[in-house]
Amino acid sequence: MSGALLEVRGLRAGYGALEVLRGVDLDVAAGELVAVLGPNGAGKSTLLRAISRYDVTLRGGTIVFDGADLTRANTERTVRLGCLQVPEGRQLFGRLSVEDNLRLGAFVRRRGTLETDLRSVYERFPPLAQRRAQHAYTLSGGEQQMLAIGRALMARPKLLMLDEPSTGLAPQIVEQIFAIASELARGGTALLIVEQNAYLTLRHAGRAYVLENGAVALAGTAAELLRDERVKAIYLGGSTA
Amino acid sequence: MLQLLIAGLTVGSEFALIALGIHIILRATRVVNFAQGEFSIVGGLIALTCAEVLHANAWFALAGATLAGFVLGLVFEIVVLRPAGRTGGEAGVTIATIGAVFVLLYGHALVPGWGSDSHPLPGFGGPANIVILSLSKDGGAVVQVQSLWVFALLIAALAALYVFFERTYYGKAIRAAAENPLGARLVGIDVNSARAISVALGIALAAYGGTIIGPITLVGGAAGFALTIKGFVAAIVGGLESPVGCVAGGFVVGVLQVFLQSRMSYDVADPLVYSVLLLMLLVRPQGLFGRRDVVRD
Ligand SMILES: Nc1ncnc2c1ncn2[C@@H]1O[C@H](COP(=O)(O)OP(=O)(O)O)[C@@H](O)[C@H]1O
Ligand SMILES: [Mg+2]
């Protein structure tokens, strides 16, 4: 797939001497919702960290985002380019208000559109509007996930990467989060969602990659993967969301 | 009594500013800057140079010392603390601040015009003394006008810090970077710059404190480390994590010190002030204003 927004080729990366990713190829185009599935420890979070350029040491391969070479970028630059991540643990500013968290999401752009963007985040996530003056740490898990996504949206991302957004959330909140992700993709944003819950994710994704031991074991459209006997056997198991 | 209280609050103002600087730098670097008091001494000496060599009045000397403190703080973070952190982590940064104590202590004595003696700083104007209260028969308390300036300038600094950290976008970005560096990087904040600005603000505050107290206590000399410790005690008493606590703690330590010194020799009074630190750590480690849940980090 050429002309994708994000192109990862032969990516090898890890922590110090530990090699976690052993040659990963992956593409995401504008308006696509792509899932990365795989068991715990497969290297899914490592992949997102490598793209966002923090904690992970790159050892080979290329990451091109919107024409820019991310292997030479730092995290701030990836954000400036429009490549945003909502990481594991959400990394909110707990001692700042909900609204301040959102405003700081626009750190790389600001000027002019901040108030408009703030209003549209509140429209998308009404509970945040009610809690705008509260400290972020007082929010429920679902609200924190909304705030983390809202904060990333304040940067007007071209690509939004979510690391296990369903963790610790009630099923109907998870449905809501995926519905919003699908809506964002329809609006032209590229979505890359890491999940362990394969069945749930494949219902919303267009395509998916299955990561195992730091390499892509399977890739295809969501429909293909849902029919794939290996996927059924290994990842769907008895777990339906 | 009132006289002692006012004297205590005056020196307490300096301890409060040292404690606040320690608090701001700790928040950004997770490390206690043991050179905070030395920077305060150097700040006072820079004000002295502004006044004597450049013939600046007390206000320009204060502005010059504060600005110089800010620049010194930037240099300190970028040239000393950051490399120390890269190789030695938080322990490395702590040791670097202790190293800075000695460099500043022995270094400032070599500067022509500074030496190892104490010097008077010009005052901020007004009459020397005024009587503010005459409740008692003996004519009430005589207050040095310079004490009133110290209170006014302390309040001005606190107001400026409050507005910066609570009301401005950049102030909040710096708080965000201090609270959650990864979260800050993920919204595009340059965490290294934010940390350098925090350290610079902390050092500017030390220089400011050393200058506003200068007309009363003299500037220069070897009192820097004792200042650090009293500021640190103040921060522990009030709560290291709480800016309000740092100020209150400064007043508590200042008043305690003055009262103890009025009753016994310095040699006994100072250890007693320090032992408050141990007492606080045992009884209420989060400080008077701290919350228990933030002690662990
Ligand atoms: N910060 C780290 N330092 C060292 N090893 C790590 C670190 N984070 C993850 N790992 C290791 O990298 C491998 C992949 O982890 P991760 O990317 O978090 O997997 P996943 O997100 O798919 O569960 C695991 O073996 C894990 O132990
Ligand atoms: Mg993970």
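Each chain gets a letter, A, B and so on, in the order its sequence line appears, and its residues count up from 1.
- There is no contact between B:Phe165 and chain A, counting heavy-atom distances below 4.5 Å.
- Heavy-atom distances place no part of A:Arg49 under 4.5 Å from chain B, backbone and side chain included.
- A side-chain hydrogen bond (donor to acceptor under 3.5 Å, both in side chains) check over residues 79-95 of chain B, counting only residues at least two apart or in different chains, returns the pairs B:Glu77-B:Arg82.
- There is no contact between A:Leu81 and chain B, counting heavy-atom distances below 4.5 Å.
- Aromatic ring orientation, B:Phe232 versus B:Phe34: tilted (interplanar angle from 30° to 60°).
- Each of A:Arg77, A:Met154, A:Glu76, A:Arg151 has some count of heavy-atom pairs under 4.5 Å with chain B, and the biggest count is that of A:Glu76.
- A side-chain donor-acceptor contact under 3.5 Å links B:Asn180 to the backbone of A:Leu92.
- Judged by distance alone, with hydrogens and angles left aside, the side-chain atoms of B:Glu179 form a donor-acceptor pair with the main-chain N or O of A:Arg95 at under 3.5 Å.
- Heavy-atom distances place both the backbone and the side chain of A:Arg103 under 4.5 Å from chain B.
- Proximity to chain B (any heavy atom under 4.5 Å) is shown, for A:Leu104, by both the backbone and the side chain.
- Remark: side-chain polar atoms of B:Lys230 are not paired, donor with acceptor, to backbone N or O of B:Phe225 under 3.5 angstrom.
- Among A:Gly94, A:Cys83, A:Gly89, the residue making the largest number of heavy-atom pairs under 4.5 Å with chain B is A:Gly94.
- Under the ring pair (Phe, Tyr, Trp, His ring centres under 6.0 Å) criterion, the residue pairs touching residues 65-94 of chain B are B:Phe39-B:Phe76, with sequence neighbours excluded.
- Each of B:Asp190, B:Val187, B:Val191 has some count of heavy-atom pairs under 4.5 Å with chain A, and the biggest count is that of B:Val187.
- Between the A:Thr75 side chain and the A:Ser52 main chain, a donor and an acceptor come within less than 3.5 Å of each other.
- Within the 4.5 angstrom heavy-atom criterion, only side-chain atoms of B:Arg175, from C-beta onward, approach chain A.
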